[in-house]
Amino acid sequence: MRHLNDGALRRLYDEPLALDEQTRAHYNNCSECQSRFRAIADDARQAYAVMAVPGATVDAEAALRRVKNAAPTGTAPRPRLRLPSVRSWGWRKPAAAVLVAAALSASLAFTSLAQTIQSVFEPSSVSVPTTQVTQQDLQGLQVFKNWADVKQGGNTSLKEAGSAQEAAQQAGLPELKPGNIPATIAGQPVSYGSVGQLSGTATFNSNAPTTLQGTTLTVQAGPGQAIVYGDVNKAMTAGKQATSPQEAASAVGPMLAVVEMHGAKVTSSGASVSDIKTVLMKQNISANLKAAIDNIDDPKGNVPIIIPTDYATSTPGTLGASGKQPATFVGDNTGLGAGVIWVNSDTHVVYAVVGVGVDQPQVKAVADSLVTG
Amino acid sequence: MSQDLGPTPTGRRPPAPEEPFDRLFLAEYGKVVAVAHRVLADRSEAEDVAQEVFLDFHRKQRPDAAYAAGWLYRAAVHTALNRIRTRRRRQRREFADASGQEPQVIDPQQVVEVEEDRRRVRDALARLPVKSASVLALRYSGLSYVEVGSALGVGTGQVGTLLRRAEQALRKEMNRATPE
């Protein structure tokens with residue numbers, strides 16, 4: 001029999017009976033394993049000793065009362081709606097192209113890759129720069145994804161609300177009062193929802209350059225709220241099953257989402273933003289994307305939105321009666337959907353109006369009503 | 001109901017509550033606090049973390065889910081690690097702010113040494129990869145290999161290897177931080 005590996009020897013220290021008889025028999029007759037065991041046991045004892053904490057007791061019942069007082073009444077609701085996200089729809093599905101735009105600020109906040117590269121600073125600019133990228137860029141950035149172990153603390157589930165007012169209360173944001181809803185949308189069912197503050201971490205692992213290893217980027221985004229005109233559940237099902245954008249749009253029917261949420265904010269526990277930029281820019285990506293990454297810590301602040309050229313387009317524009325609110329208009333390449341994204345420079349809140357079966361003037365009209373108030 | 005900070009609650013148990021969340025809470029609260037306590041070395045803050053974790057769980061998860069306990073342990077260790085990292089940053093800032101100023105309070109030497117040891121350990125823990133710090137906190141707070149594996153999403157057979165590596169890494173970090 002081969003010698004016991006370190007893991008087995010470590011377990012032997014804690015749970016000797018968990019190892020099978022053959023393993024223990026080998027150990028009992030192997031001086032090399034016994035010698036390694038002693039070193040492992042010494043390390044274990046020392047580590048345990050340095051992490052020792054004073055004993056204490058807790059009052060679980062009193063704690064339960066505190067938690068129940070702080071928690072919403074009733075049992076925890078099971079979220080039934082989900083915002084369409086870039087990840088859930090998949091980059092490769094042409095049918096999802098329409099909803100790439102619909103992912104809007106949600107895509108910024110929720111996709112781990114986006115989280116780690118796009119929003120190193122809280123949005124503070126008056127514009128929303130966009131960056132058109134290619135599939136090659138995205139593949140280059142996949143390397144970066146392999147460098148980090150990503151964990152998400154929140155989820156993208158919407159908590160349903162009975163009204164826009166209730167959604168606003170849940171999100172702690174002003175109530176959304178969109179106007180100029182297109183006639184084709186106005187008759188659709190309306191859903192209201194909110195999403196709490198989401199968090200995620202990306203910890204650079206041993207695949208990453210040494211300057212980054214051990215650094216943890218922590219992302220916080222939200223809370224946010226949304227009003228969705230159209231049948232969301234039907235859209236999710238139909239969108240996943242469709243084989244073409246036209247089929248998806250036909251099955252889904254006209255839809256419009258109005259979203260408001262606090263933009264993503266990322267903090268780093270170790271390597272500086274400069275270090276992170278340096279290694280990102282060494283990837284095999286376009287000059288366009290390199291420039292966007294290089295500007296990520298521009299003192300003026302940025303919220304770069306990466307839009308794949310294969311699926312969507314973006315153009316700058318303005319909103320509001322005075323035309324002073326900079327915004328980015330996005331659309332899928334098939335012309336089936338349109339959206340507009342902007343940031344309130346005072347509150348750093350990201351807004352978006354996106355839809356399927358609507359055109360750019362229609363989403364602009366809705367967005368104008370929100371900007372002008 | 002009082003519980004030791006460990007895997008085995010002590011004392012007489014009252015009748016089991018009917019609500020699944022209540023049952024889960026009473027069964028796991030002690031362990032969740034123990035996990036956070038092992039990271040933070042501060043019982044009061046550990047209870048804050050446990051409350052935050054249970055509230056988060058209540059909002060998002062089903063109390064009867066099979067993964068509930070593992071979810072809670074993992075959330076506790078991550079939340080606690082985030083807190084010590086935040087604490088480190090704050091202390092660095094405060095140290096920087098205070099540099100050049102005369103110390104305002106002089107503690108007894110022993111208190112200083114204990115605090116310093118505790119801080120060094122927590123600093124070292126904060127520098128470890130999350131998985132390494134997690135496996136140490138989870139195991140040392142009394143969870144079995146099966147529970148640790150479930151919380152970390154790895155097989156039970158891997159826990160020993162993770163622990164061994166984490167202990168080596170912790171020793172290295174502690175040595176690095178020890179003044180010559």
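Predicted, not measured: the structure shown is a model, and the values here were computed from it. To find a chain, count down the sequence lines: A is the first, B the second, and so on, and within it residues start at 1.
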If you take all heavy atoms of [X] and [Y], which pair is closest and at what distance?
X        : Y        : answer
A/Glu15  : B/Arg139 : OE2-NH1, 4.2 Å
B/Ser132 : B/Ala166 : O-CB, 3.5 Å
B/Val130 : B/Arg85  : CG2-NH1, 3.8 Å
B/Glu47  : B/Val33  : CG-CG1, 4.0 Å

So which residue, A/Ile40, A/Asp6, A/Leu12, ends up with the most heavy-atom pairs under 4.5 Å with chain B?
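When all of A/Ile40, A/Asp6, A/Leu12 are compared, A/Ile40 has the most.
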Against chain A, label [X] side chain, backbone, both or neither, depending on which of its atoms sit under 4.5 Å from a heavy atom there.
X        : value
B/Phe21  : side chain
B/Arg164 : both
B/Leu125 : side chain
B/Ser144 : both

Indicate yes or no for a side-chain donor-acceptor contact from B/Arg122 to the backbone of B/Ile84 under 3.5 Å, with no hydrogens or angles considered.
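Between the backbone of B/Ile84 and the side chain of B/Arg122 there is no qualifying donor-acceptor contact (under 3.5 Å).
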